[in-house]
Amino acid sequence: MKVLTEEDIMKVEISNFGKAKDGSDVKLYTISNENGMKVTLLNLGAIVKDIIVPDKNGKFIDVNLGYDNVDGYYDNEEALGSFVGRNANRIGGAKVTIAGITYELEKNDGENNLHSGSDRSHYMLFDADVFEDEFATRVRFMHTFKDMEQGFPGKAELSVTYTLTEDNELILEYRGVSDKDTVINPTNHSYFNLDGEGDILKHKLCINADKFTAIADNMIPTGELVNVEGTPMDFRKMKDIGEGIDSDYHYIKIAKGYDHNYVLNSVEGDIVKAAELFSDKTGISMEVMTDLPGMQIYTANFLENKKGKSGVIYGKRSGICFEPQYFPNACNEKSFKSSIIGAGEEYRSTTVFKFNVKE
């Protein structure tokens, strides 16, 4: 595999996007394929800025919410387009015990830790490399977390590699290693809207999961797995997202919409289809594939009055997130596959977003 310099890159355009808070250049990486699909990425937070795909009429739609400038991405508590690490989702009580030592984390979600605290990875600058082989061009972002950064032990090197294929697949490959036992559980936090605007209530959704993790009132899993059968959580067949999003079902009311971890019908280690999203309006379909055991579905229940791209105001239900990961609080809940990775052990996972057009 050849490492490319800025002078000989073909399918990746690199441009300046602005200045980081420390004065460094924020770079914009644009990958394109022969179908006209484009993905733009930032070295600030390894953020996915744009995902531009053709609709059923040949019009190109940006299906990923985001901002037009660097300032927007620094005012990004909702983590639009973000790589989330070291740990995605919630950790109960904002603490974790590893090898007999209890580590206190920031309480930034009530009494819990959410997305590793306020010092989040999407505010950090990543090192970037561009690779080309006979199959595709890839952009890899890497960041080294210091020992006890975000409250977690170990010097941890995390990376995410983005690949755009000629089959309109955006592939995300995560790697991580630490010199101490620690939590490694990253994900992507893009907000998708296949119409490019408006809300996603008429989008159709299918999720390959028979169960979800029950949550207490504080959004932390209880350890119980609940069957979706007969509940608004059942997306095993395509249905409108809005159909049950405001129901009086107990777990929906707690989250004020969908913000739940689905237990995927998967075989450990295999990359399988986890979900599909479809818009009748544009004819755009997005399949989500992963080798991870769980996937958080979040319907932007708390996204309010954010000035996004081209001045569009994003509000509640303007997008939907698909966040493959270990289950929330998996570092503490003994019945879940643990998100604690041993010293020197390599964390690896893959997520694929594949786009098609259907009539």
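All values reported here derive from a predicted model rather than from experimental measurement.
- A side-chain hydrogen bond (donor to acceptor under 3.5 Å, both in side chains) check over residues 218-230, counting only residues at least two apart or in different chains, returns the pairs Glu229-Arg236.
- Shown here are the salt bridge (charged side-chain N to carboxylate O under 4.0 Å, His left out) partners of Asp109, two or more places apart in sequence or in another chain: Arg90.
- Under the salt bridge (charged side-chain N to carboxylate O under 4.0 Å, His left out) criterion, Asp179 pairs with no residue, sequence neighbours left out.
- Residues Phe17, Val26, Leu28, Leu42, Ile47, Leu65, Tyr67, Val70, Tyr73, Tyr74, Leu80, Tyr123, Leu125, Tyr191, Tyr298, Phe302, Leu303, Val312, Tyr314 make up the rest of the hydrophobic cluster containing Leu44, defined by ILVMFWY side-chain heavy atoms closer than 4.5 Å, directly or through other members.
- Under the 30°/60° scheme for interplanar angles, the aromatic rings of Phe353 and Phe192 are found to be tilted.
- Taking Asp181 as the reference, nothing meets the salt bridge (charged side-chain N to carboxylate O under 4.0 Å, His left out) condition, with sequence neighbours excluded.
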Kindly list each side-chain donor-acceptor pair under 3.5 angstrom involving residues 325-333, sequence neighbours excluded, with atom names and distances?
residue : atom : partner : partner atom : Å
Gln325  : OE1  : Asn89   : ND2          : 2.9
Gln325  : NE2  : Glu323  : O            : 2.9
Asn329  : OD1  : Gly92   : N            : 2.9
Asn329  : OD1  : Asn332  : ND2          : 2.9
Asn332  : ND2  : Lys95   : O            : 3.0
Glu333  : OE2  : Ser335  : N            : 3.4
Glu333  : OE2  : Ser335  : OG           : 2.9

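- When all heavy atoms are compared, the tightest approach of Gly93 to Lys107 is O-CE, 4.1 Å.
- Members clustered with Val183: Ile91, Val96, Ile98, Ile101, Tyr103, Leu105, Met148, Phe152, Ile340, by chain and number, using a 4.5 Å side-chain heavy-atom cutoff among hydrophobic residues.
- Salt-bridge annotation for Lys38 and Asp62: absent, with no side-chain N of the basic residue lying under 4.0 Å from a carboxylate O of the acidic one.
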Review item, side-chain donor-acceptor pairs of residues 245-253, under 3.5 Å, at least two apart:
residue : atom : partner : partner atom : Å
Asp246  : OD1  : Arg317  : NH1          : 3.4
Ser247  : OG   : Gly244  : O            : 3.2
Ser247  : OG   : Tyr249  : N            : 3.3

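- Under the rule for a salt bridge (charged side-chain N to carboxylate O under 4.0 Å, His left out), the partners of Asp50 that lie at least two apart in sequence or sit in another chain are Lys309.
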Hey, can you pull the donor-acceptor pairs under 3.5 Å for the side chains in residues 283-293, sequence neighbours left out?
residue : atom : partner : partner atom : Å
Ser285  : OG   : Glu276  : OE2          : 2.8
Glu287  : OE2  : Asn356  : ND2          : 3.4
Thr290  : OG1  : Leu292  : N            : 3.1
Thr290  : OG1  : Thr350  : O            : 3.3
Asp291  : OD1  : Thr350  : N            : 3.1
Asp291  : OD2  : Thr350  : N            : 3.4

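- Between Asp195 and His203 the shortest side-chain heavy-atom distance falls below 4.5 Å.
- The stretch residues 141-158 participates, sequence neighbours left out, in these side-chain hydrogen bond (donor to acceptor under 3.5 Å, both in side chains) pairs: Asp147-Lys180.
- Connectivity analysis of hydrophobic side chains (ILVMFWY, heavy atoms under 4.5 Å, direct or indirect) links Met238 to Phe278.
- Taking hydrophobic clusters as Ile, Leu, Val, Met, Phe, Trp and Tyr residues chained together by side-chain heavy-atom distances below 4.5 Å, Met233 shares a cluster with Phe322.
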